[in-house]
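Hydrogens, waters and symmetry mates are skipped; everything else that's a heavy atom, side chains included, is used.
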Amino acid sequence: MIGEFSNVKIQGMASAVPEYTEENTNYVNILGPRRTKKQIQLTGVSKRHISGHHQRTSDLCYAAACPLLEKLNWKSDEIKVLIYITQGPNYILPSTAFFLQHRLGIPKDCVCFDINLGCSSFNVGVHVVSALLQSCDVSDKALLLIGDTASKVLYPEEPMTEDAIAGRMIFGAAGAAIALEKVEQSNLKFMTKSDGNGFEAIIRHYGKGTTMDGTAVFEFAINDVSDDVNVFKDHFGLKEEDIDYYVFHQAQKLILDNIAANCKFPEEKELRSLEEYGNTSGTSVPLTVCANLNRFSDKERVKLFLCGFGVGLSWGTIFAEVPTENILPVIETNEHYDDDKIPADKLAESNILVIGADQMMGENISRYLSSRSANVILSGFDAHKLYDIKEDLFFESHVIVHDKSDPSQSDSIVQYCLENNICLHGIVFADKNMASDKIHDLCLRLQGNEILQTEGVSIVLTSDMESLRTQDSEIYYKEKTALENILSGIQEDIDDERIRVNAVTYDEEKLDLTQITGNGQEWIEKFLQEGCPSEMNRPLYIGRTLVYLLCSDSQYTTGLLVPINR
């Protein structure tokens, strides 16, 4: 489809990226220096801006939209069309466009919906919005929001195979806002094409990772896309002097170099952003424009040849003149909107009490359980430490600070739970100094005060006894027997088959208890720089085991002692 609109104008654009950047050289200890260098040279990507776990694509689009609307001095009731294009919506339903309409304060007289599309989002989006504006009045306005967070901070448990890392080194996260208006005598040329025969070239099935036929995508880009650049120019009689700059989807350097060679346009007229931002999917066209603002900021208007191509397979071009004063420099932000988020992992809506949360293992456990959506009740003696941890947890958490004159900890825990109407779904004993009789007493008192959830509670003890296994086997087996006796004793005295009692043992000397704070950025960087040492992974094995024992998956498991010796 090729044509033009004589009454639509791109009035401005803005782009936003996360503040956090990831250097591709971080992966040298996994890929090796030779492959890492080759990967960077081949793709042209040196670093990327990536989102934290809680920052969504909609956050980046909102961050781009607000300053753009302010710059244009647009009133919210003038916006009649709001289209959001992404491959990562906030929800299965409704369209995230409605959420953004709400955040931006756009009133009811506006059509809103999402489009699921990737790297050709810009040209398709401008085409769709322009078509919708045909049914609007002159001076009515539209907002096109495009974004993807194809690259986020790694979760520590994610597999870091060489192929997965090599793929990750291409992609960045970004969001963009493009403002369009229905005006008289303003020309916007477009071409939009798709080839469903290539639907499997880039595909992601439910529950699976994205796969790509690299050869098919490369051939598509250097043939179909390159050919249609010339078709577009010939159709509209565009000469080289009519075009100030070319901007293509920033797929990777090899593809862009081949398109440039095939299309034979002057090298200095092509804009790129690949080295700094990577492949940012459909956002890469407007992001590249914003990132190169200094190249044309002396012009009043800039004539842009804008081409997107990718998943579908789909591709197309927009040729438009844009006022440079309304093209904003790239915005960096780590802001995220959380009010609409709900816990959705295995321990969602579970209240888990961690005894000894101010100790190294207790802190590690508390952070891990919170990452699995648990509401963690942090119990310990160090108030400063406990509140520091609480500040860093995303989901609901509580702090119980004990007086050192009350080593049993029972009184303050029982009192706090009763006063705050907290029913516990699980208890983890991570305090290495807590005597067995105190553990026993606390469990009975919590049950006696009906603080334990009647539908089933998991009580898990932890012990660092595995260090004794090779040092002194006789003492080790005595400790093991004593721990098993504690488990059975609690189980017998509670006398409720719905309450499970288990234990996890570990060797503290084999653990690197570097805490996974915030988005885990520092942990991931250290993990990669040190060559993915097993010592940093072992606490994660403990965390996974605890999640299993605390959630309903283990409803028939009790009296089990699980050693972590990997």
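No salt bridge links Lys510 with Asp464; every basic N to acidic carboxylate O contact stays at or beyond 4.0 Å. Salt-bridge formation is detected for the pair Arg56/Asp340: a Lys NZ or Arg NE/NH1/NH2 atom is positioned less than 4.0 Å from an Asp or Glu carboxylate oxygen. Between Lys346 and Asp553, at least one side-chain N (NZ, or NE/NH1/NH2) sits under 4.0 Å from a carboxylate O, which counts as a salt bridge. Ion pairing between Glu508 and Lys432 holds under the 4.0 Å rule for side-chain N and carboxylate O. Using a 4.0 Å cut-off between a side-chain N of Lys or Arg and a carboxylate O of Asp or Glu, Arg445 and Asp411 qualify as a salt bridge. By the 4.0 Å N-to-carboxylate-O rule, Asp338 lies close enough to Lys341 to be salt-bridged with it. Taking the charged nitrogens against the carboxylate oxygens, Glu22 and Lys47 have no contact shorter than 4.0 Å, which rules out a salt bridge.
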Could you walk me through whether Asp148 and Thr57 pass side chain to side chain donor-acceptor pair (under 3.5 Å), step by step? CA-CA 5 Å; Asp148 269 307; Thr57 305; 4.7 Å; no
Applying ring pair (Phe, Tyr, Trp, His ring centres under 6.0 Å) to His398 and Tyr416, what does each step give before you reach the verdict? CA-CA 10 Å; His398 301 263; Tyr416 186 92; 5.8 Å; yes
Run the numbers on Tyr27 and Arg35 for side chain to side chain donor-acceptor pair (under 3.5 Å), then give the verdict. CA-CA 10 Å; Tyr27 296 111; Arg35 183 173 178 181; over 6 Å; no
So Thr557 and Tyr548, side-chain contact (heavy atoms from CB on, under 4.5 Å) or not? Walk me through it. CA-CA 10 Å; Thr557 303; Tyr548 168 76; 3.3 Å; yes
Test Glu363 against Gln359 for side chain to side chain donor-acceptor pair (under 3.5 Å), laying out the working first. CA-CA 6 Å; Glu363 178 185 354; Gln359 298 178 25; over 6 Å; no
Given side chain to side chain donor-acceptor pair (under 3.5 Å), test His402 with Ser379 step by step and report yes or no. CA-CA 7 Å; His402 307 295; Ser379 162; 2.5 Å; yes
In sequence, state the C-alpha distance, the side-chain angles, and the governing distance for Thr86 and Thr96, and then conclude on side-chain contact (heavy atoms from CB on, under 4.5 Å). CA-CA 9 Å; Thr86 185; Thr96 306; 5.6 Å; no
For Ile459 and Asn502, what are the C-alpha separation, side-chain angles and deciding distance, and is it a side-chain contact (heavy atoms from CB on, under 4.5 Å)? CA-CA 6 Å; Ile459 298 170; Asn502 297 285; over 6 Å; no
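With rounding to the nearest 0.5 Å, the separation of CD1 in Ile50 from OG1 in Thr149 is 11.0 Å. Rounded to the nearest 0.5 angstrom, Ile542 CD1 and Thr462 OG1 are separated by 8.0 Å. Summarising the geometry, atom CD1 belonging to Ile365 is positioned 11.5 Å from atom CD1 belonging to Ile352; distances are rounded to the nearest 0.5 Å. Atoms NZ and CD, from Lys152 and Gln55 in turn, are 7.0 Å apart once rounded to the nearest 0.5 Å. To the nearest 0.5 Å, the span separating CG on Leu145 from SG on Cys112 amounts to 9.5 Å. With values rounded to the nearest 0.5 angstrom, Ser151 atom OG is found 4.0 Å from Arg168 atom CZ.
A donor-acceptor contact under 3.5 angstrom links the side chains of Asn90 and Ser58, judged on distance only. Side-chain contact, Ser467 with Glu509: no donor N or O sits under 3.5 Å from an acceptor N or O. For the residue pair Glu335/Tyr62, the side-chain donor-acceptor check at 3.5 Å is not satisfied. Residues Gln529 and Glu525 bring no donor and acceptor atom of their side chains to less than 3.5 Å of each other.
Every residue meeting the ring pair (Phe, Tyr, Trp, His ring centres under 6.0 Å) condition with His53, not counting sequence neighbours, appears here in chain and number order: Tyr155. The side chain to side chain donor-acceptor pair (under 3.5 Å) test applied to Thr25 returns no partner, not counting sequence neighbours.
Using a distance-only test at 3.5 Å, with no hydrogens or angles considered, no donor-acceptor pair links the side chain of Asp441 to the main chain of Asp437. Using a distance-only test at 3.5 Å, with no hydrogens or angles considered, a donor-acceptor pair links the side chain of Asn24 to the main chain of Met169. Looking only at distances, a side-chain donor or acceptor of Gln447 sits under 3.5 Å from a matching main-chain atom of Ile494. Under a 3.5 Å cut-off, the side chain of Ser281 and the backbone N or O of Thr283 do not form any donor-acceptor pair. No donor-acceptor distance shorter than 3.5 angstrom exists from the side chain of Asp358 to the backbone of Lys385, with no hydrogens or angles considered. A donor-acceptor contact shorter than 3.5 Å is absent between the side chain of Asn449 and the backbone of Ile451. Checked by atom type and distance alone, the side chain of Ser554 pairs as donor or acceptor with a backbone atom of Cys551 at under 3.5 Å. Under a 3.5 Å cut-off, the side chain of Ser76 and the backbone N or O of Ile106 do not form any donor-acceptor pair. Using modelled atom types, no side-chain atom of Gln101 and backbone atom of Leu82 make a donor-acceptor pair closer than 3.5 Å. Formation of a donor-acceptor pair under 3.5 Å by the Arg500 side chain with backbone atoms of Leu549 is found in this model.
Of all heavy-atom pairs spanning Leu550 and Val460, the tightest one is CD2-CG2, 4.1 Å. Of all heavy-atom pairs spanning Arg367 and Ile516, the tightest one is CD-O, 3.7 Å. Contact between Tyr337 and Asp59 at its shortest, heavy atoms only, is N-OD1, 3.0 Å. When all heavy atoms of Ile146 and Ser121 are compared, the closest pair comes out as CG2-CB, 3.6 Å. Residues Pro67 and Ile331 come closest through the heavy atom pair CG-CD1, 3.5 Å. Ala251 and Asn279 make their closest contact through O-ND2, 3.3 Å (heavy atoms, listed as atom of the first residue, atom of the second, distance).
Counted within 6.0 Å of CD on Glu158, heavy atoms from surrounding residues, nucleotides or ligands total more than 12; the atom is thus considered enclosed. Counting heavy atoms of neighbouring residues, nucleotides and ligands inside a 6.0 Å radius, atom CD of Glu332 exceeds 12 of them. Environment of CD in Glu522: sparse, with no more than 12 heavy atoms of neighbouring residues, nucleotides or ligands closer than 6.0 Å. When the shell of 6.0 Å around NZ of Lys390 is examined, it contains more than 12 heavy atoms from other residues, nucleotides or ligands. When the shell of 6.0 Å around CD of Glu19 is examined, it contains more than 12 heavy atoms from other residues, nucleotides or ligands. More than 12 heavy-atom neighbours from other residues, nucleotides or ligands sit within 6.0 angstrom of CD on Gln471. Within a 6.0 Å radius of CG in Asn420, more than 12 heavy atoms belonging to other residues, nucleotides or ligands are found.
Among Val401, Leu393, Leu353, Ile355, the single residue meeting the side chain to side chain contact (heavy atoms under 4.5 Å, CB included) criterion with Leu378 is Leu393.
For an aromatic pair to be called close, the ring centres must be under 6.0 Å apart, and His54 with Phe394 satisfies this.
Applying the side-chain hydrogen bond (donor to acceptor under 3.5 Å, both in side chains) test to every pair with at least one member in residues 347-356, sequence neighbours left out, gives these pairs: Asn351-Asn375.
Using the six-membered ring where Trp is involved, Phe99 and Tyr91 have ring planes that are perpendicular, over 60° apart on the 30 and 60° scheme.
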